[in-house]
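Remarks on the structure that follows.
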Amino acid sequence: MSSHARPAAEPAPVILEMAGIFKIYGSGAAEVRALDGVDLAIRAGEFVAVMGPSGSGKSTCMNILGCLDVPTAGSYRFHGVDVSALHRDELALLRRHYMGFVFQSFNLLPRVHALGNVELPLVYQGVRPAARRARALAALEAVHLGDRAGAVPSQLSGGQQQRVAIARALVTEPSLLLADEPTGNLDTATAGDIMSLLESLRRERRITIVMVTHEPDIAAHAERVLQFVDGRLVRDGPPA
Amino acid sequence: MRPVDTLVIAVQAIGRNKLRSFLTALGIIIGVASVVVMVHLGRSATRAVTEEIASIGSNLLFVMPGTSQRGPGGLRIPAEPFELADAEAIEREVPGVVVAPSLSRSATVVYGNANESVSVEGTTNAYFEVRNHPLAYGRPFEPAEVRSGAAVCIIGQTLVDDMYLDATPLGSTLRVGRTACRVVGVLSAKGTSMGQDRDRTVLMPIKTVQRRLAGELDVNVMYVSALVDGTTPRVQDDIEALLRQRRRIAPGAEDDFNVRDTQDVADALERTTNTLTVLLGAIAAVSLLVGGIGIMNIMLVSVTERTREIGIRLAIGARTADVLTQFLVESVVLSTIGGIIGLAIGMSATWLATAQLDLPFVLSPGTMALGFGFSVFIGVLFGFIPARKAAHLNPIDALRHE
Ligand SMILES: Nc1ncnc2c1ncn2[C@@H]1O[C@H](COP(=O)(O)OP(=O)(O)O)[C@@H](O)[C@H]1O
Ligand SMILES: [Mg+2]
């Protein structure tokens with residue numbers, strides 16, 4: 001299943017584990033079950049694509065995986081820790097140290113140059129300016145944007161902005177990268193570049209990637225595809 | 001997160017919207033500036049009063065009719081005025097004093113085409129010594145002129161400057177009210193004090209003022225100078241005893257007049273200026289409060305506008321306290337900058353105003369510290385609600401915000 005070598009006798013540990021997860025909005029007739037009983041486990045180093053029609057609960061699932069949102073019911077363990085018992089600030093610390101996010105709409109700070117955006121997670125980690133700058137520059141170079149460090153987002157193309165966002169997500173060396181339709185706003189060629197970038201970064205750094213996408217050929221980069229329909233996980237297996 | 005970084009983020013956010021930041025700080029600038037100006041001007045006025053009184057001398061007593069008792073409705077019970085005989089009695093029976101009785105009226109004086117409205121003071125030659133205000137040239141009143149209430153006058157320097165141009169005032173005829181007076185002397189210049197021109201005055205024999213201007217034989221006030229230093233308290237007691245006797249005040253009843261030395265007057269004036277200072281300061285503080293509300297308003301708008309930024313920061317790992325301090329520091333920096341600019345403007349304005357009004361320029365570090373501290377406090381106070389709003393945003397909702 002995995003594309004690179006790993007001792008078969010010793011499978012990587014499960015780092016994300018959802019059991020009976022519900023996310024329900026509204027009540028009575030207006031009730032919406034964004035997630036309707038989801039069980040899933042993801043091992044360290046996996047590259048997982050999440051697919052499904054619009055409104056099927058993909059983003060909701062990602063947000064819960066990323067500790068940005070809490071489920072209505074069910075248990076979610078991150079690195080074995082039951083996240084439902086944690087305070088909002090403890091969740092923030094989990095995100096700060098273990099997770100990186102890439103969004104469809106890039107979500108860079110608009111008036112801050114690329115280097116500043118990439119430095120931001122390190123600012124919250126309390127890293128000193130010199131070390132911060134060096135690491136952010138290295139991260140920008142890893143996404144081939146070392147020469148655009150001083151550009152603000154409006155001076156960058158969509159693909160470049162998304163690469164800055166990827167650098168920002170990876171600069172803290174997280175164990176988990178969550179990407180919600182990272183190529184959704186990009187043209188096909190640029191989307192291909194972003195995907196090969198993600199793949200090579202994953203190979204070098206052995207991080208776990210969970211990525212939402214609509215496009216089968218993007219999902220084909222993953223080792224495993226989760227298919228959602230109406231808040232339920234209907235298929236879990238290798239790409240079609 | 002390092003505190004320095006919080007500060008840097010706040011300063012950058014302020015710098016990104018310079019005009020808006022300035023307008024927001026303007027409320028604080030105006031507030032602090034007005035507090036500083038008001039309180040300092042009040043202090044200057046108090047200082048001017050004290051210096052003024054000190055220059056009058058410490059051996060001077062003011063004897064005025066009036067009681068400290070209040071009648072129904074809190075009104076002062078009117079007291080009998082003095083008469084010339086009282087002044088003569090004091091001079092005769094209290095040893096070591098010079099007494100200048102005085103009755104003032106305001107009147108229009110006319111010379112040629114020029115006319116001025118002045119305060120005319122009827123008194124005796126003792127005035128020059130007691131009030132420490134000698135003649136510049138000319139002569140004092142003749143004893144006969146004082147006795148008979150002759151139409152003669154001695155005028156202040158301002159009137160000479162304004163009305164006589166090049167002509168010499170001595171021997172000229174000046175119309176005071178409806179009386180034609182001969183000018184016999186000119187007072188030495190005293191200059192302006194507390195915004196009042198002390199050279200804009202006319203002296204006449206007291207009987208002249210009583211008969212021709214006032215139409216009554218009252219004496220407003222008696223200035224008494226103790227000739228020997230350190231005898232003022234004794235003189236004060238003697239005058240009180242004498243006047244009680246002359247005015248037939250029963251033992252145990254309260255005086256219907258008061259004898260105050262310059263310190264009493266200084267204290268009274270100082271109380272007045274202090275009250276004014278507090279009042280004006282309070283009004284200015286209200287404008288500081290309004291400035292604070294302005295900060296809160298803009299910070300609330302800013303939080304709404306930057307909801308998405310807050311969402312990004314939360315997603316990246318900012319904790320409640322990180323976002324709270326970021327916005328709190330922003331509003332405190334804003335109000336502190338406003339406070340500093342306000343202090344600078346306030347000090348300059350105070351300096352200008354004191355120069356214009358001829359008041360001493362008094363620096364009060366306490367007031368400056370208070371104004372500055374208050375502006376920082378306002379930043380915390382009015383920044384807190386917006387900062388709290390920002391810090392408690394739900395990351396998902398904030399990220400989705402358009
Ligand atoms: N904050 C919310 N309030 C109410 N309904 C919501 C909210 N967020 C998501 N939903 C609903 O939950 C369902 C799943 O949404 P989402 O996870 O965003 O779907 P997807 O990402 O697969 O398109 C949708 O029907 C959506 O309308
Ligand atoms: Mg979605």
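Keep in mind that the numbers below use all heavy atoms, side chains included, and drop hydrogens, waters and symmetry copies. Residue numbering restarts at 1 for every chain, and letters A, B, ... go by the order of the sequence lines.
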Please identify each residue that fulfils side-chain hydrogen bond (donor to acceptor under 3.5 Å, both in side chains) with A:R133, with sequence neighbours left out.
->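 Expected list: A:E119.
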Could you label the plane-to-plane angle of the A:F78 and A:Y98 rings as parallel, tilted or perpendicular, counting under 30° as parallel and over 60° as perpendicular?
-> perpendicular
In terms of heavy-atom pairs under 4.5 Å with chain A, which of B:A318, B:P395, B:A321 leads?
-> B:A318
Tell me, out of B:R319, B:Q12, B:R16, who's got the most heavy-atom pairs with chain A below 4.5 Å.
->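 Option with the top pair count is B:R319.
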Do [Y] and [X] meet the salt-bridge criterion of a basic N to acidic O distance under 4.0 Å?
X	Y	answer
A:E31	A:R33	yes
A:R132	B:D5	yes
A:R232	A:D36	yes

Chain B contacts, top residue of A:R111, A:H97, A:R128 (heavy-atom pairs, under 4.5 Å) | A:R111
Engaged part of B:L314 at the chain A interface, taking heavy atoms whose separation is under 4.5 Å |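 Answer is both: backbone and side chain atoms of B:L314 are under 4.5 Å from chain A.
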Where does B:A391 contact chain A at under 4.5 Å (heavy atoms): side chain, backbone, both or neither?
-> backbone
Residues 279-310 of chain B: residues contacting chain A (heavy atom under 4.5 Å, by number) |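 Listed by number: B:R308, B:E309.
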Relative to chain B, which segment of A:P110 carries a heavy atom at a distance below 4.5 Å: side chain, backbone, both, or neither?
-> neither
A:F101 versus chain B, the contacting section by heavy-atom distance below 4.5 Å | side chain
